[in-house]
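Here, residue 1 is the first one in the sequence, and each next residue gets the next number.
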Amino acid sequence: MKRILLLFTLFLAVTTTMKAALKIDRIDPTDWYVGMKNPSLQLMVYGPGIGSAEVTTDYPGVRIDSLVRVDSPNYLLVYLNLSGAQPGEMKLHFKNGRQKRDVAYRLKAREMAGAEHRGFTNADVLYMLMPDRFASGKADNDQIKGLNTYVNNRSEPSLRHGGDLEGIRQHLDYFNDLGVTALWFTPVLENNSPDHNGFSTYHGYATTDYYKVDPRFGTNEEYRRLTDEAHSHGLKVVMDMIFNHCGFEHPWVKDMPTHDWINLPKWLEESGGTSDPRGTSFLQTSYKLTPVVDPYASKVDLKETVEGWFVPTMPDLNQRNPHVMTYLIQNSIWWIETVGIDGIRMDTYPYADAKAMARWMHEIDNEYPNFNTVGETWVTEPAYTATWQKDSKLAPFNSYLKTVMDFSFYDKINQAKSEETDGWWQGFNRIYNSLVYDYLYPNPSSVMAFIENHDTDRFLGNGTDTLALKQALALLLTINRTPQLYYGTEVLMNGTKEVTDGNVRKDFPGGFPGDTKNCFTREGRTRAENAMFDWCSRLLHWRKGNEVITKGHQTQFIPWKGVYVVARQYGGHKVMTVINGTNSPASLEVARYAEIIDNAARGTDVTTGRTVRLDKDVSLRPRQTMVVEF
């Protein structure tokens, strides 16, 4: 009888303990690093009723600065100071009335020491690719239980195709053969959105978990392995991030921490943040970025730009809420430390709050002085782009953004390809007239130029004009810029957005099981594809470590009789990019370029290896391109 009574007493004790245990679903960040210049750490704790809990810790060197109780009872923001902490397992003690729970939280030693961790520079060539469309390295992640409904269907350009991080890792040698030095992937974080109306978030721009790689791409550990092996191949890794918006399936949407965590349309605010916006009116961004810098901008225009939703499935985050911004800043630092990324590409940069983004950039710069971030600033006027660059005298405050995207170059080169260089505003006069405004940039070499990307038509359109492509690439890789290539251009991949964006995001041939064509190998490429690959590779390998490109003074000449010349000079080493911008034979009149050529009698065309005589005028074929060094 006593034994039965004892067992019953133990059962009651266990039951009472179970009932008294606090439920904590997650803590972000999942772990953290000691030794940061900024010792403050925000923990976002999520669980039923956790908002009213008290928190203590007796871990040496750690103190709790504040507990922020937000609007939702299911969140608690715990601000810690780690100024004296060492790596180890910190115990956090949660108590809410009779409910208690101890949580072990890992503090790690930093691997990416700030001054030693280097970002990308103008010495690099970034190769942009979409993981879903590049290569599939494993099949067991094509269907993941627990994720919202999705379909892998390679015959549908707007659905998932099954590419992953392992597929990229298996082709690192290809990037070395080509000659690029850095890889920029479109976002790899979880996008747990259901397919609807023949559309899916294969592109990655609707994040639903900021601390987890999308399982269809792989795991956090596989991301780290890929980055480590890329580094061993001499390749840097640039991570695509989005602070402007998240995915509609993010937990923040159904249970917002604060009423202003998301820039809410009125209908969503009235519904408590639980309504599905599809098919419902909402505050749509105008996609006009000019109000952000316009001294005459109306309030309504500015509000639509920075508070409007990009699309119905991507709620707009409110970076003016300091807790939101702290969460995002910590997230980017966490990925730098956890995976060892070398740079960040920030999507839709001007759509977010400018001062909050400057705070982010300043903190990143403080922790990692050599790290680099490029912001997407999609306006084709150099004055606009220059305003966003770090230390710009055009802006009302410092953005601290080191690299901006040169949409002016993209716009002008895509117009020039179908024009002849005759009139003042035609052909390569467009490039000349764009580059003259480089005086607006605090650092022109840290402006990222490109001729196409995942959001534009491919440079080739639906054609195969390799002469125009070579002219564009020769300029891209030799002017005073940080260049970015788009995957597959080197093997003549083409396509336009006329029907769907998916047609400019086609699968790389040979990257998927069952492909009958394999452009990763010389044997699998056609003669024309090999010719283009070889041309690109020669130029890219020549560019590597070439100080005339990374440090050289730039001189450009007004297009003369259809010929456009841009020269670089450094330490007695010179190179001239010579372009015949007409569909007729032309001549490089060497006397006009005497200030560069000087007494040089010969040079070498990098793209062909052929000798070019510079002591007499040089005949040029229609649309011929030369990169002559001497």
Could you check whether the rings of [X] and [Y] sit parallel, tilted or perpendicular, using 30° and 60° as the cut-offs?
X	Y	value
Phe134	Tyr127	perpendicular
Phe310	Tyr351	perpendicular
Tyr202	His161	parallel

Within the 4.5 Å heavy-atom criterion, are [X] and [Y] side-chain neighbours or not?
X	Y	answer
Lys402	Asn443	no
Lys561	Glu589	yes
Asn503	Glu498	no
Thr373	Trp360	yes

I'd like to know if [X] pairs up with [Y] as an ion pair, taking the criterion as any Lys NZ or Arg NE/NH1/NH2 lying under 4.0 Å from an Asp or Glu carboxylate oxygen.
X	Y	answer
Asp353	Arg359	no
Asp365	Lys390	yes
Asp465	Lys470	no
Arg538	Asp605	no
Lys497	Asp457	no
Asp515	Lys517	no

Practice task
Compare every heavy atom of Asn583 with every heavy atom of Arg623, then report the nearest pair and how far apart it is.
Solution key: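 So the two residues come closest at NE-OD1, 3.1 Å.
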
Handout entry: Where Cys519 and Tyr174 come nearest, the two heavy atoms and their spacing
Key =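 Where Cys519 meets Tyr174 most closely, the heavy atoms are O-CE1, 3.8 Å.
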
Please say whether more than 12 non-hydrogen atoms of neighbouring residues, nucleotides or ligands are located less than 6.0 Å from [atom1] in [X].
X	atom1	value
Lys303	NZ	no
Asn599	CG	no
His362	NE2	no
Tyr437	OH	no
Lys506	NZ	yes

Decide whether [X] and [Y] meet the rule of one side-chain donor and one side-chain acceptor closer than 3.5 Å.
X	Y	value
Tyr205	Asp240	yes
Gln556	Tyr564	yes
His231	Asp342	yes
Arg133	Tyr487	no
Arg458	Asn494	no

Spacing of [X] atom [atom1] and [Y] atom [atom2] [to the nearest 0.5 Å]:
X	Y	atom1	atom2	answer
Leu485	Leu178	CG	CG	7.0 Å
Ile341	Ser332	CD1	OG	7.5 Å
Thr377	Met346	OG1	CE	13.0 Å
Asn480	Asn122	CG	CG	6.5 Å
Leu540	Thr181	CG	OG1	9.0 Å
Leu492	Met532	CG	CE	6.5 Å

Exercise for the section: For this output row, return yes or no: ring centroids of Phe407 and Phe450 closer than 6.0 angstrom. Expected result: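 So the answer is yes for these two rings.
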
Exercise for the section: Start with the C-alpha distance between Phe508 and Phe520, add both sets of side-chain angles, then the distance that settles ring-ring contact (aromatic ring centres under 6.0 Å, His included), and finish with yes or no. Expected result: CA-CA 9 Å; Phe508 192 97; Phe520 287 113; 4.4 Å; yes

Closer than 3.5 angstrom, by distance alone: can the side chain of [X] be matched with the main-chain N or O of [Y] as a donor-acceptor pair?
X	Y	value
Thr186	Gly204	no
Ser537	Gly179	no
Thr305	Lys288	yes
Gln471	Asn580	yes
Glu376	Thr348	yes
Arg568	Ile549	yes

Handout entry: Criterion side chain to side chain contact (heavy atoms under 4.5 Å, CB included) against Leu614, the qualifying member of Asp617, Thr611, Val612
Key =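 Among Asp617, Thr611, Val612, the one meeting side chain to side chain contact (heavy atoms under 4.5 Å, CB included) with Leu614 is Val612.
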
Practice task
Please say whether the positively charged group of Arg481, taken as NZ for Lys or CZ for Arg, lies over the ring of Phe409, i.e. under 6.0 angstrom from the six-membered ring centre and within 45 degrees of the axis.
Solution key: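 Judged by the rule, Arg481 and Phe409 form no cation-pi pair.
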
